[in-house]
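Bear in mind the structure is a predicted one, so any value in this text is a computation, not a measurement. For this chain, numbers begin at 1 and follow the sequence in order. Every number for a ligand or one of its atoms is a count from 1 in the order of the listing.
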Amino acid sequence: QTEKLELDVYGMTCAACSSRIEKVLNKMDGIQEASVNLANETALVEYTPGLVSLDNIIARIQKLGYDAEERA
Ligand code: 9UX
């Protein structure tokens, strides 16, 4: 069972930032599909809650030097 999540992503400056985050998210266990939008500073993530959590996803983004939170 997958869920969709929208994140606000902070600190992206150029297109390489967004593609970098997108690539890393798409390689994470439990993520089916991730797409990062530089212009909107958002990410859409389809994931399996039993395999990966919101906190895991945010921590991975922070490890790359950016920040993120669930979109209100
Ligand atoms: Mo572009 Mo982003 O040169 O960390 S990759 S600013």
Side-chain angles (χ1 to χ4, degrees):
Q1 189 70 28
T2 68
E3 299 227 349
K4 280 181 186 160
L5 168 70
E6 194 169 15
L7 299 171
D8 285 315
V9 181
Y10 305 103
M12 299 189 292
T13 318
C14 79
C17 294
S18 48
S19 53
R20 192 169 159 234
I21 297 171
E22 195 171 277
K23 256 179 219 160
V24 166
L25 294 182
N26 274 300
K27 278 191 214 156
M28 285 180 75
D29 288 337
I31 291 185
Q32 276 66 45
E33 176 69 37
S35 75
V36 179
N37 186 308
L38 174 65
N40 296 338
E41 295 185 275
T42 56
L44 267 171
V45 183
E46 187 184 356
Y47 71 109
T48 305
L51 296 179
V52 70
S53 69
L54 173 64
D55 283 354
N56 296 152
I57 295 167
I58 289 173
R60 191 65 190 85
I61 293 171
Q62 288 171 339
K63 203 176 152 192
L64 291 171
Y66 308 95
D67 201 5
E69 65 179 357
E70 187 168 14
R71 207 163 193 214

- For ligand 1, would you mind listing the residues that have at least one heavy atom less than 4.0 Å away, ordered by chain and number? Thr13, Cys14, Ala16, Cys17, Tyr66
- Does the Asn40 side chain pair with the main chain of Thr42, one donor and one acceptor, at a distance under 3.5 Å? no
- Output the distance between atom CD (Glu22) and atom NZ (Lys27), rounded to the nearest 0.5 Å. 12.0 Å
- Can you check side chain to side chain contact (heavy atoms under 4.5 Å, CB included) on Gln1 and Thr48, steps first, answer last? CA-CA 6 Å; Gln1 189 70 28; Thr48 305; 6.0 Å; no
- Query: Is it the case that Gln32 and Thr2 place a side-chain donor and acceptor less than 3.5 Å from each other?
  - Reply: no
- Item | Value rounded to 0.5 Å, distance of CD in Glu69 from CD in Glu6 | 12.0 Å
- Query: By the rule that ILVMFWY residues connect when side-chain heavy atoms come within less than 4.5 angstrom, directly or transitively, which residues belong alongside Leu25?
  - Reply: Leu5, Leu7, Val9, Met12, Ile21, Val24, Met28, Ile31, Val36, Leu38, Val45, Tyr47, Val52, Leu54, Ile57, Ile58, Ile61, Leu64, Tyr66
